[in-house]
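Read the structure below first, then the notes.
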Protein chains: 2
Amino acid sequence: MHAQNLVDQNAIIESSSTALLPTEEQSVVDLILKAILEQRIAPGTKLGEEALANIFGVSRTRIRRVLLSLSHRYVVELRPNRGAIVASPSEQEARNIFEARRAIELAIAKGLAKQIGRSELAELRKHVRAEADARKRADSREAIRLSGEFHLLLARLAGSKTLSGILETLVSQTSLIIGLYGHRHGSSCAYEDHEEIINALNSKDPQKASALMLDHLEKIESTLDLTPEPTMSQDLHSIFGQIAAKD
Amino acid sequence: MHAQNLVDQNAIIESSSTALLPTEEQSVVDLILKAILEQRIAPGTKLGEEALANIFGVSRTRIRRVLLSLSHRYVVELRPNRGAIVASPSEQEARNIFEARRAIELAIAKGLAKQIGRSELAELRKHVRAEADARKRADSREAIRLSGEFHLLLARLAGSKTLSGILETLVSQTSLIIGLYGHRHGSSCAYEDHEEIINALNSKDPQKASALMLDHLEKIESTLDLTPEPTMSQDLHSIFGQIAAKD
DNA sequence: AAATAAATTTTTGTGCACAATAATTGACAT
DNA sequence: ATGTCAATTATTGTGCACAAAAATTTATTT
């Protein structure tokens with residue numbers, strides 16, 4: 001792992017989630033999380049404790065808690081005695097995660113449509129403008145992050161810390177999934193969909209809002225290639241398949 | 001805290017959840033969790049590290065991780081430099097938790113109705129028999145635990161580790177909520193409701209299954225007293241209210 | 001006696017040394 | 001070469017001593 005990948009942040013730190021770690025540790029969590037979600041570190045990458053401790057200039061004791069915390073978000077996998085790696089959700093897990101997102105986000109959309117106000121709508125529109133801007137600038141990292149954060153923003157506006165907390169975990173995992181199974185760059189949410197959802201919320205139409213959310217989530221899932229086994233073995237087949245067939 | 005409360009378990013250990021702690025630690029987690037969920041330790045109770053270390057005969061280092069793990073489940077609250085206490089979900093959090101449960105469990109019921117098989121139905125009926133039995137024996141602890149576990153069983157049978165994991169957290173919190181806000185003993189699920197749900201699943205009727213689940217969850221929530229502030233101040237008022245009024 | 005402050009005790013937080021385990025390298029045999 | 005085994009190196013896991021903070025007790029002042 002290269003230090004470059006982890007400290008390269010210019011932008012704002014995630015900083016959401018229920019703060020129960022010391023602030024210093026939380027910022028390391030956020031940094032690593034951001035790096036993973038922007039796909040600067042690939043799934044499967046080893047996250048050595050000593051290496052991280054050096055990079056961030058904190059003790060191993062702390063790194064250890066950081067890794068534990070990230071593992072609770074299912075963003076890193078902790079293998080006993082073998083260290084931490086960036087998680088690689090399986091194809092089955094990917095489906096389950098989308099299933100869970102459907103359940104939760106339809107409810108959020110429905111609930112929000114019933115009680116949304118002016119200022120919330122403004123905040124949403126502002127966010128989507130930022131998404132459009134990132135896309136225009138071809139800043140795909142930012143675009144990926146913002147499109148995930150749109151969904152988190154909806155959860156926050158719905159006023160349930162419980163649901164936001166759950167969705168945070170699911171959105172993080174979705175980023176990993178898109179990195180693993182999404183072929184073309186179009187995999188991340190289209191901000192146009194987000195605009196439509198906002199319009200439905202604006203017209204206080206719960207049915208429409210949730211229907212659009214469903215379409216949107218299904219669209220994202222459909223851009224993925226969730227047919228075969230994990231990435232690695234797939235590559236081997238596509239590389240050696242023809243040679244083996246000739247035999 | 002009395003050691004009695006924590007080691008008194010005769011029954012089976014929870015043992016679900018994604019095991020990423022050493023098995024020894026996991027069993028301490030399960031023991032404390034069980035004690036909390038069966039309401040043998042009240043919300044707000046201090047969980048001193050040294051005390052727990054002595055009770056369970058493990059080092060403080062380990063207890064520390066155990067408490068961290070329980071805090072991720074929102075079952076204990078970790079107050080920096082002030083130690084851990086059993087969590088007391090606020091009235092608002094309680095509502096949010098039920099909202100989340102509705103979103104998730106309706107989806108589970110719907111999905112399960114479409115794909116449930118013979119053996120799954122048998123397992124569910126067996127579970128409900130155990131519930132009825134516990135009720136008949138007036139073993140309210142067991143009854144509380146089993147009625148929560150029925151919901152977890154549904155999630156497991158639905159085949160999504162993601163949803164089960166989320167629901168586990170929510171069910172744990174629900175136990176705390178019932179302990180805090182549920183006045184009469186009838187607060188825990190009636191197993192009769194569970195039977196009805198099973199029947200709907202049996203007849204592969206997704207609409208009915210989810211409708212019954214909704215009723216069931218709303219019934220539980222409605223037995224709670226979620227009007228006022230946290231427990232303590234409420235008690236003080238109900239104790240001193242009349243005296244103050246006389247003045 | 002009530003309130004404030006100082007001193008003491010208790011409890012939580014952290015780094016570090018060492019133990020346990022896994023990964024790597026090298027030697028040897030087939 | 002290829003595979004197996006031993007020795008070495010590197011990495012993770014844990015207890016403990018000490019630091020930091022909070023809670024409690026005692027002393028002091030008004």
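Chain letters run A, B, ... following the sequence lines, proteins first, then strands; residues in each count from 1.
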Quick one: list whatever passes ring pair (Phe, Tyr, Trp, His ring centres under 6.0 Å) with F98(A), sequence neighbours left out. none

Look up atom OG in S119(B) and atom CG in L157(B), then write down how far apart they are to the nearest 0.5 Å. 8.0 Å

Aromatic ring pairing H127(B)/F150(B), orientation class (parallel under 30°, perpendicular over 60°, tilted between): tilted

Each nucleotide of nucleotides 10-21 of chain C classed B (base within 4.0 Å of a protein heavy atom), S (only sugar-phosphate) or -, in 5' to 3' order, makes -SBBBBB----S

Got a second to check how far K46(A)'s NZ is from R82(A)'s CZ, nearest 0.5 Å? 8.0 Å

For E50(A), check side chain to side chain donor-acceptor pair (under 3.5 Å) against everything at least two apart and list the hits. none

